[in-house]
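The structure appears right after this line, and notes come after that.
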Amino acid sequence: MRKRRGEVHRDGDWHAALHIWVGSVVDDVRMVILQRRSATKDTWPGRVDIAVGGHLSAGERLDDAMREAREEIGLELAIDDVTLLGRRFVRALPNDNEVQNVFAVRADLPLSAFTPHPLEVDALLSLPIADAIALLAGEVGSVEAVELVRDATDEQVIILTADAFVPDVSPYYEVALEALGRVVAGESVERFTLR
């Protein structure tokens, strides 16, 4: 029986999700591209999050779910374009039980080359992976990032703090960012499982 997203969350059903971490290399610096969730989202509005995330529809395969990259940020991807980083089992909000299939891709594109979804993504951000790790590990209180607000033409430098992100008490961000750094450098990745 197929259920709508709201019904799955209401009933606490375990369901498949997809995360795609997007990185690039700019002037020999490994960068991560993130999104600022729309202020109208039902979960974590306005918070900084991974570039691409979404639920798989009932019966949908992972290769079909790559559509999320096109829908959220306008990046055309096939399953052969991404590297599997691992899998994460997470109990997020009350009744939101996800099995997240986590991927990474290198996309050496300027922020202006992406097309943020008008209802899902308010802005795209870019910052060095090392800075993001230090921030989310609590080693520094803030970092600089470049942000391009949807439909704007000019990027701006902003100051990011850890509380700007979708909250997560697990080591997920740090583990995934370390793996993304290896992917954008062309290095091998050991797959992780987080519970």
Side-chain angles (χ1 to χ4, degrees), residues 18-37 44 46-53 66 68-70 72-86 88 100-117 120-168 170-192 194:
L18 171 79
H19 283 188
I20 303 174
W21 289 84
V22 179
S24 65
V25 176
V26 177
D27 297 327
D28 294 325
V29 177
R30 299 174 195 185
M31 307 291 285
V32 59
I33 297 167
L34 301 165
Q35 68 161 270
R36 183 176 303 282
R37 296 169 64 83
W44 308 114
R47 295 290 186 106
V48 175
D49 202 359
I50 61 170
V52 178
M66 292 295 135
E68 287 283 350
R70 181 184 68 254
E72 288 199 12
I73 62 171
L75 182 61
E76 289 289 340
L77 291 177
I79 194 76
D80 293 337
D81 298 326
V82 297
T83 300
L84 179 63
L85 300 181
R88 179 180 182 222
Q100 299 166 345
N101 298 282
V102 184
F103 294 90
V105 66
R106 179 174 172 170
D108 292 334
L109 300 168
L111 293 180
S112 60
F114 297 97
T115 309
H117 189 284
E120 303 225 359
V121 181
D122 280 349
L124 293 172
L125 299 90
S126 178
L127 68 152
I129 292 172
D131 290 356
I133 292 170
L135 177 67
L136 294 165
E139 297 168 7
V140 297
S142 64
V143 296
E144 286 188 353
V146 173
E147 181 176 56
L148 182 62
V149 175
R150 187 185 64 248
D151 299 328
T153 55
D154 295 326
E155 297 174 347
Q156 57 186 344
V157 175
I158 63 167
I159 302 299
L160 266 185
T161 59
D163 63 354
F165 284 76
V166 171
D168 194 321
S170 76
Y172 174 58
Y173 283 140
E174 294 95 312
V175 169
L177 284 162
E178 289 281 354
L180 173 64
R182 288 192 292 280
V183 169
V184 299
E187 300 168 2
S188 64
V189 176
E190 186 175 325
R191 293 181 184 160
F192 60 77
L194 297 173

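- Residues Thr161 and Gly141 approach most closely at CG2-O, 3.6 Å, considering heavy atoms.
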Exercise for the section: Tell me, with the steps shown, if Ile73 and Leu124 meet side-chain contact (heavy atoms from CB on, under 4.5 Å). Expected result: CA-CA 9 Å; Ile73 62 171; Leu124 293 172; 3.8 Å; yes

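- Here the side chain of Arg150 pairs a donor or acceptor atom with the backbone of Val121 at under 3.5 angstrom.
- Residues Phe114 and Ala107 share a closest heavy-atom pair of CZ-CB, 4.5 Å.
- A search for side chain to side chain donor-acceptor pair (under 3.5 Å) contacts involving Gln35 returns Glu72, not counting sequence neighbours.
- Interatomic distance, CG of Leu127 versus CD of Glu147, reported as 11.0 Å (0.5 Å rounding).
- Atom CD1 of residue Ile133 and atom CD of residue Glu174 lie 7.5 Å apart, to the nearest 0.5 angstrom.
- Sorted by first then second residue, the side chain to side chain donor-acceptor pair (under 3.5 Å) pairs that include residues 101-112, not counting sequence neighbours, are Arg87-Asn101, Arg106-Asp108.
- For Glu120, the salt bridge (charged side-chain N to carboxylate O under 4.0 Å, His left out) partners at least two apart in sequence or on another chain are Lys41.
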Could you tabulate the donor-acceptor pairs under 3.5 Å formed by side-chain atoms of residues 20-34, not counting sequence neighbours?
residue	atom	partner	partner atom	Å
Trp21	NE1	Tyr172	OH	3.0
Arg30	NH1	Gly181	O	3.3
Arg30	NH2	Glu187	OE2	3.4

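- Minimum interatomic distance between Ala179 and Leu85 (heavy atoms only, all atoms of both residues): CB-CD2, 3.7 Å.
- The shortest side-chain heavy-atom distance between Leu194 and Val102 does not fall under the 4.5 Å cut-off.
- The NE2 atom of His117 sits 10.5 Å away from atom CZ of Arg70, with the distance rounded to the nearest 0.5 Å.
- Taking the salt bridge (charged side-chain N to carboxylate O under 4.0 Å, His left out) definition, one finds that Asp81 meets it with nothing, sequence neighbours left out.
- With sequence neighbours excluded, the residues satisfying salt bridge (charged side-chain N to carboxylate O under 4.0 Å, His left out) with Arg88 are Asp168.
- Using a 4.5 Å heavy-atom cutoff, the side chains of Val184 and Ile129 are in contact.
- Closest non-hydrogen pair, Leu18 versus Met66, comes out as CD1-CE, 3.9 Å.
- With sequence neighbours left out, Ala152 forms a side-chain contact (heavy atoms from CB on, under 4.5 Å) with Leu148, Val149.
- Between Leu135 and Ala162 the shortest heavy-atom distance is CD1-N, 3.6 Å.
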Exercise for the section: Show the numbers, then the answer: is there a side-chain contact (heavy atoms from CB on, under 4.5 Å) between Val52 and Val105? Expected result: CA-CA 11 Å; Val52 178; Val105 66; over 6 Å; no

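- Under the ring pair (Phe, Tyr, Trp, His ring centres under 6.0 Å) criterion, Phe165 pairs with Tyr173, not counting sequence neighbours.
- Residues Arg36 and Pro116 are not in side-chain contact: their nearest non-hydrogen atoms beyond the backbone lie 4.5 Å or more apart.
- Expressed to the nearest 0.5 Å, how far CD1 of Ile50 lies from CZ of Arg37 amounts to 9.0 Å.
- For Ala164 against Leu160, the heavy-atom pair with the smallest separation is CB-CD2, 3.9 Å.
- The ring-ring contact (aromatic ring centres under 6.0 Å, His included) contacts involving residues 126-151 comprise nothing, where partners must be two or more places apart or lie in separate chains.
- Taking Leu84 as the reference, Phe103, Arg191 meet the side-chain contact (heavy atoms from CB on, under 4.5 Å) condition, with sequence neighbours excluded.
- Each side chain to side chain donor-acceptor pair (under 3.5 Å) pair with one or both residues in residues 124-145, not counting sequence neighbours, would appear here, but there are none.
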